[in-house]
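Worksheet: one structure, shown below.
On a predicted model such as this, the values are computed, not experimentally measured, just so you know. Every heavy atom of this structure was used, including side-chain atoms; hydrogens, water molecules and symmetry mates were not.
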Amino acid sequence: MYYAILAYHEEGVVESWTKEEDAALMTELLQINDRLVQEKSLGPAARLGSTQGAVTLRGKGAGIVTDGPFAETKEQLLGFYVVDFPTLEAAVAAARDLRRVNPTAVYEIRPISLYIPGASLASRDEE
């Protein structure tokens with residue numbers, strides 16, 4: 001079963017980290033990433049950009065595009081992992097590993113009802 005592990009955090013806190021603090025956290029998170037890849041449990045993962053650069057599309061017909069951020073919440077969705085585990089409990093265990101190294105983050109674990117891996121997103125500069 002595929003699960004999405006959605007990573008929420010206070011964007012201002014994350015943006016306040018020094019380059020060294022951010023690099024140290026990413027080093028630890030990537031160790032978990034590498035382990036999940038070796039276990040063949042990790043699908044796509046992404047660290048999202050600032051909500052200040054986001055827009056939201058909603059409404060009927062062609063819809064209306066509004067500037068982000070789109071939610072009135074303390075935490076924003078800042079990244080996600082797609083994992084493949086036989087049970088929800090196993091996906092929660094992976095999220096606990098992520099939270100161990102990033103304890104101020106909030107992780108939502110949600111089953112994925114449709115998974116389409118899509119095409120590789122190589123940089124246009126590499127083409």
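Residues forming a side-chain contact (heavy atoms from CB on, under 4.5 Å) with Thr104 (at least two apart in sequence, or on another chain): His9, Asn102. Every side-chain contact (heavy atoms from CB on, under 4.5 Å) that Thr87 has, sequence neighbours left out, goes to Glu89, Ala90. Ile112 pairs by the side-chain contact (heavy atoms from CB on, under 4.5 Å) definition with Tyr2, Ala4, Val82, Tyr115, not counting sequence neighbours. Listed by chain and residue number, Tyr3, Val83, Phe85, Ile109 satisfy the side-chain contact (heavy atoms from CB on, under 4.5 Å) test with Ala91 (two or more places apart in sequence, or in another chain). For Arg47, the side chain to side chain donor-acceptor pair (under 3.5 Å) criterion is met by Asp22, not counting sequence neighbours. For the salt bridge (charged side-chain N to carboxylate O under 4.0 Å, His left out) test, no residue two or more places apart in sequence or in another chain qualifies with Glu21.
For residues 39-61, no residue pair satisfies the ring-ring contact (aromatic ring centres under 6.0 Å, His included) rule, not counting sequence neighbours. Judged as a ring-ring contact (aromatic ring centres under 6.0 Å, His included), not a single pair has a partner in residues 25-55 (not counting sequence neighbours). Every pair passing salt bridge (Lys or Arg N to Asp or Glu O under 4.0 Å) that includes a residue from residues 90-110 is listed here, sequence neighbours excluded: Arg35-Asp97, Glu108-Arg110.
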Any chance you could lay out the side-chain contact (heavy atoms from CB on, under 4.5 Å) test for Glu10 and Val14, step after step, and finish with the verdict?
CA-CA 7 Å; Glu10 291 184 49; Val14 173; over 6 Å; no
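Here Ile64 sits alone; no ILVMFWY side chain lies under 4.5 Å from its own, so it joins no hydrophobic cluster.
Val92 and Ile32 fall within a single hydrophobic cluster, where Ile, Leu, Val, Met, Phe, Trp and Tyr side chains are chained together by heavy-atom contacts under 4.5 Å. In the hydrophobic clustering of this structure, Val106 groups with Leu48; members are Ile, Leu, Val, Met, Phe, Trp, Tyr whose side-chain heavy atoms approach within less than 4.5 Å, directly or through other members. Hydrophobic clustering of Ile, Leu, Val, Met, Phe, Trp and Tyr side chains at less than 4.5 Å, counting indirect connections, keeps Leu6 apart from Leu88. By the criterion of side-chain heavy atoms lying less than 4.5 angstrom apart, applied directly or through intervening Ile, Leu, Val, Met, Phe, Trp or Tyr residues, Phe80 is not grouped with Val37; the two fall into different hydrophobic clusters. Under a hydrophobic-cluster definition in which Ile, Leu, Val, Met, Phe, Trp and Tyr are linked whenever side-chain heavy atoms come within less than 4.5 Å, directly or via other members, Ile5 and Leu36 are assigned to the same cluster.
No hydrogens or angles considered: a donor-acceptor pair under 3.5 Å links the side chains of Glu11 and Thr51.
Residues Ser50 and Glu15 form a side-chain contact, since some pair of their non-hydrogen atoms from C-beta on lies under 4.5 Å apart. Put simply, the side chain of Tyr81 reaches to within 4.5 Å of the side chain of Leu42, judged on heavy atoms. Between Leu98 and Tyr107, some side-chain heavy-atom pair lies under the 4.5 Å cut-off.
Listed here is the closest heavy atom pair of Leu25 and Val101: CD1-O, 3.1 Å.
Glu28 contributes atom CD, which lies 13.5 Å from atom CG of Asn33 (distance to the nearest 0.5 angstrom).
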